[in-house]
Amino acid sequence: DVKVTQSSRYLVKRTGEKVFLECVQDMDHENMFWYRQDPGLGLRLIYFSYDVKMKEKGDIPEGYSVSREKKERFSLILESASTNQTSMYLCASRGTGGTYEQYFGPGTRLTVT
Amino acid sequence: RKEVEQDPGPFNVPEGATVAFNCTYSNSASQSFFWYRQDCRKEPKLLMSVYSSGNEDGRFTAQLNRASQYISLLIRDSKLSDSATYLCVVTLGGGYQKVTFGIGTKLQVIP
């Protein structure tokens with residue numbers, strides 16, 4: 001079974017803090033993704049990575065950066081957290097070819113106060 | 001126009017009913033289509049892929065209409081456990097295979 005884990009289920013941070021969200025997958029997948037999910041807006045892609053040290057902007061990259069130093073790990077960084085970044089953050093991974101199924105982690109609910 | 005559109009619902013149906021959801025997509029170059037299920041406060045999980053010829057998995061049937069650019073999900077004999085949000089997912093071809101999620105349709109099956 002594919003397993004995608006995220007470092008925290010719940011996180012509360014203050015405005016201006018630097019926030020790190022970690023994601024690890026155990027299936028040797030090349031592709032990894034960070035989404036945020038908000039009511040009425042669905043899942044929106046922040047960044048994705050198709051290989052180690054490679055990254056591409058998604059639909060809403062502003063205010064975020066990412067790091068992929070190892071194949072199994074993809075980190076999302078909020079350089080200076082703001083209240084409008086309060087959201088559910090979901091990491092996903094996917095192999096190449098096949099069904100293109102994405103496997104999601106359990107999510108991190110981030111609250112910025 | 002949104003890339004992928006779904007009626008957010010909620011759809012409230014009695015147990016045993018048949019319910020259908022549609023999802024429209026705007027990019028005619030879209031190549032792969034999926035339905036994901038997301039339970040409350042959980043992550044999305046793949047329910048089924050959608051093939052051009054249509055496909056069935058038990059009580060669930062998915063269909064694709066490329067001419068009208070929509071996919072559908074039919075659930076027969078609804079169970080309480082089917083209560084969830086159903087996400088339509090559309091993938092563009094090419095090197096990256098851009099994936100777009102709909103906002104989801106909420107289904108509540110009532111006893």
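The chains referred to below are lettered A, B, ... by the order of the sequence lines, with proteins before strands, and numbering in each begins at 1.
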Using a 3.5 Å distance criterion without hydrogens, assess whether the side chain of A/Gln37 forms a donor-acceptor pair with backbone atoms of A/Leu90. no

A/Tyr47 and A/Tyr64 aromatic centres sub-6.0 Å: no

Checking B/Gln38 against chain A: side chain, backbone, both or neither under 4.5 Å from a heavy atom? side chain

B/Pro8 portion near chain A, given a 4.5 angstrom heavy-atom threshold: neither

Answer with side chain, backbone, both or neither: which region of A/Glu56 has an atom nearer than 4.5 Å to a non-hydrogen atom of chain B? neither

Which region of A/Leu43, side chain (C-beta onward) or backbone (N, CA, C, O), has a non-hydrogen atom less than 4.5 Å from a non-hydrogen atom of chain B, or is it both or neither? both

Hey, can you tell me if A/Phe104 and A/Tyr35 have their rings parallel, tilted or perpendicular (30° and 60° cut-offs)? tilted

With sequence neighbours left out, the residues meeting salt bridge (charged side-chain N to carboxylate O under 4.0 Å, His left out) with A/Asp59 are B/Lys98

